[in-house]
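To keep things clear, I will list the structure first and then write my remarks on it.
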There are 2 protein chains.
Amino acid sequence: MKPASATIRDVARHAAVSVASVSRALNGHSNVHPDTRARVLASAKSLGYVPHAGARSLSLARSHAIGVVLPDLHGEFFSEIVRGMDREAGAHGYHLLLSNMHADAELAAQAMRSMRGRVDGLIVMAPQIDATGLDEALPAGIPTMLINSPDSTGRGAMRVDNRAGIDAIVRHLLASGRRALVHVAGPAGNIDARERREGFLAAMARHAPGQPSRVIEGNFREEAGERAVATLLDEGEAVDGIVAANDMMALGALQALREAGLDVPDAVAVTGFDDVPLARYMGLTTVRVHLADMGARAVARLIDALEHPSDRPGGDTEWLTPTLVVRTTTTERTDP
Amino acid sequence: MKPASATIRDVARHAAVSVASVSRALNGHSNVHPDTRARVLASAKSLGYVPHAGARSLSLARSHAIGVVLPDLHGEFFSEIVRGMDREAGAHGYHLLLSNMHADAELAAQAMRSMRGRVDGLIVMAPQIDATGLDEALPAGIPTMLINSPDSTGRGAMRVDNRAGIDAIVRHLLASGRRALVHVAGPAGNIDARERREGFLAAMARHAPGQPSRVIEGNFREEAGERAVATLLDEGEAVDGIVAANDMMALGALQALREAGLDVPDAVAVTGFDDVPLARYMGLTTVRVHLADMGARAVARLIDALEHPSDRPGGDTEWLTPTLVVRTTTTERTDP
DNA sequence: CTGAAAGCGCTTACAG
DNA sequence: CTGAAAGCGCTTACAG
């Protein structure tokens, strides 16, 4: 038998006061006689009373919970973002309600709807849904912050400046003497993948107008990096730099190159995107997106909007510029 | 102006029925006239009605949410566990309510209490709290599953068999010809750290009675592995195997050894514990704990207990035996 | 098959 | 300073 948790009525009875007084005493209102407060506190303690958060939020129309809807992210990417969010949320007395988003837009919409009435606001990361799909899926009437998602009118957003990141990478490779660069792209339909691809093409056109530039399709996963190298090797094309759309594909490419007996960076330089912790271990040159900060910042902005609803529409997009991290996969060749 | 979300009363009015009928129609009860149901569905749709989960759970005394209280875990460890939990929870229509647990037992207790009334059950991982502290912190009257935590009477638990894991590691090292092993331990007060340390001593006593065995204090973090190697080097003691209490310290040791010009595994073998994804990349021999499975299993058992409360006390402890994963940091020496 | 009513556990004007 | 009452948005016996 679980000893059915004490309710506010039990405390009221035990302290011989009304539930209203219990509520006021426990919530620290000033209009409570010190004696009453003491009695209530004692009763609550002796009964092991813990307020029922659900009832409280129904009454207050405030749950102090934030819904987080993320795609099925891999490893460190996921944990870094969630860690940042959790820290910020916890610091403000909020909880995080998690929901993995399935690729299917319909299921995603349902996941978001199922959060109504249990969260005060929503943080959504939907890089793989198009703008109209996202607009339809997002529940109306609940403050929402978008992370790396297509623009949705009137909602706050956090975005990584993918173009700037790739531009920095390309300039770095060109400066180190690389000429034949190929981009291993992320999955079709993913907004980050698209911007990185476009960024690559734009950077090449701008900084190395005469040079060849090529794109091989990928999917953000390690095997895609390996496959890209296999393709390149098959074709026997001259390549001295691989610009992967994310770290995992870069790592896959790295491994495939080494297995093929090609020296990195002497024969081919390799770069990633994200700077997951693994990148540091593998000496991968990449571009750093501070994921934890991005998550924390999204939460901070959302909470701000929740607690000062009047301030302003709040539909700004905040851009995070990734920073270049040069490591050993792109250092100057030993025999130029 | 957010268009204050429609409530069940709005739908009732719009469909010209009672709220009771709306509730029944929307919840698929059989005792509703088809015409009524159709009208309700149409009204709900046209008003964009989404039930208020908070009100629903107050009424049903069921939130379909599971509270998850974890210590501030690093990287992949965290994401793997949460991923496993989220998958399993999602499959059963449950949400996860996250709360990072601060080391402080008092704050931890508060974090757990703050979940009352918003979750149906709790999953707690508290390797760093002692048994009585945990018992005091755990809220009564809410089904709880413990992961890698001290025993708490009557609650279900999932535990990693740390002793078996270390035993497998030690046997493997001895079999590969190592003799002078040192254990780099985890933080004091952590139950996994303690069991791994004890397991190391026990395994040495059993399998290599005459051999030296030593323990250096650590804290599960990378630097601790580096420091341990520095200590060993300073003392000039003969060591040919380092058994770290987790992967991160093993990685730190690896790096320090290499920087000191010592070949791994020729001069010194190194092993970890956990098998985080990084371990594979670094070729680290370790012992694999399937974190995602552990998380999923904990959720599955909790949900089972929630939905079939009668079945049995449910206070069993389920042990997961980690499996040895041999990689390059322990291969046979080239010059024996 | 349907509706009026009570209830889930809180909070907060309102009246004393 | 205090209590009775209404209300938050639902669900579900209960009576038709």
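Everything quoted here is computed from the prediction, not taken from an experiment. Chain letters run A, B, ... following the sequence lines, proteins first and then strands; every chain starts at 1.
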Report task. Figure out the CG/C1' separation between A/D10 and C/dC10, and round it to whole Å. Result -> 13 Å
Query - Nucleotide nearest A/H29 (side chain, heavy atoms from C-beta), chosen from C/dG9, C/dT12, D/dG9 - result: C/dT12
Query raised in the report: Picking from B/D316, B/L320, B/L146, B/T317, what satisfies side-chain contact (heavy atoms from CB on, under 4.5 Å) with B/M158?
Result: B/L320
Query raised in the report: Is B/L58 touching bases, backbone alone, or none of the nucleic acid, heavy atoms closer than 4.0 Å?
Result: base
Requested in this report: Using a 4.0 Å heavy-atom cut-off across all strands, classify B/S63 as base, sugar-phosphate, or nothing.
Outcome: nothing
Query raised in the report: Which residue pairs pass the salt bridge (charged side-chain N to carboxylate O under 4.0 Å, His left out) test with at least one member in residues 133-143 of chain A, sequence neighbours excluded?
Result: A/D135-A/R155
Query raised in the report: Sequence neighbours excluded, which residues qualify as side chain to side chain donor-acceptor pair (under 3.5 Å) partners of B/D151?
Result: none
Query raised in the report: When you check the gap from the basic side-chain N to the acidic O, do B/E318 and B/R159 get nearer than 4.0 Å?
Result: no
Query raised in the report: Nearest-Å distance, CZ (B/R118) to C1' (C/dC8)?
Result: 16 Å
Report task. Give one of base, sugar-phosphate or nothing for B/R62, where a contact means two heavy atoms less than 4.0 Å apart. Result -> nothing
**Report entry** B/N27 CG to D/dA13 P, straight-line distance once rounded to whole Å
**Finding:** 13 Å
Report task. Dot-bracket notation for DNA chain D is requested: 5' to 3', Watson-Crick or G-U wobble pairs only, both distances under 3.5 Å, with ( ), [ ], | and . as defined. Result -> |||.||||||||.|||
Which protein N or O atoms sit under 3.5 Å from an N or O of nucleotides 2-5 of chain D?
residue, atom, partner, partner atom, Å
D/dT2, OP1, A/T36, OG1, 2.3
D/dT2, OP2, A/H33, N, 2.9
D/dT2, OP2, A/T36, OG1, 3.2
D/dG3, OP2, A/S18, N, 3.1
D/dG3, OP2, A/S18, OG, 3.1
D/dG3, OP2, A/S21, OG, 2.9
D/dG3, N7, A/R24, NH2, 2.7
D/dG3, O6, A/R24, NH1, 3.0

**Report entry** For atom CZ of A/R13 and atom P of C/dG9, their distance in whole Å
**Finding:** 12 Å
Query - C/dT12 versus C/dG16 - spacing of their C1' atoms, nearest Å - result: 16 Å
Query raised in the report: So which heavy atom on A/A126 is nearest to which on A/P150, and how close?
Result: O-CD, 3.4 Å
Query raised in the report: Are the side chain of B/R37 and the backbone N or O of B/H29 linked by a donor-acceptor pair below 3.5 Å?
Result: yes
Requested in this report: Return the value, rounded to whole Å, for the distance between atom CG of A/L26 and atom P of C/dT11.
Outcome: 8 Å
Query raised in the report: Do A/R13 and A/D10 sit within salt-bridge range, that is, some charged N less than 4.0 Å from a carboxylate O?
Result: yes
Query raised in the report: Expressed in angstrom and rounded to an integer, what is the separation of A/H52 atom NE2 from C/dC10 atom P?
Result: 7 Å
Requested in this report: Please list all pairs passing the side-chain hydrogen bond (donor to acceptor under 3.5 Å, both in side chains) test where one or both residues lie in residues 42-52 of chain B, with sequence neighbours left out.
Outcome: B/H14-B/S43
Query - Summary of side-chain hydrogen bond (donor to acceptor under 3.5 Å, both in side chains) pairs that have at least one residue in residues 89-98 of chain B, sequence neighbours excluded - result: A/S114-B/H95, A/R118-B/H95, B/R62-B/Y94, B/E88-B/H92, B/Y94-B/E307
Requested in this report: May I ask you to evaluate whether A/R56 reaches the phosphate of D/dG7, defined as a side-chain N or O under 4.0 Å from OP1 or OP2?
Outcome: no
**Report entry** Side-chain donor/acceptor of B/S59 to base of D/dG9, under 3.5 Å
**Finding:** no
Query raised in the report: When the distance from CG of A/L60 to P of C/dA13 is rounded to whole Å, what number comes out?
Result: 11 Å
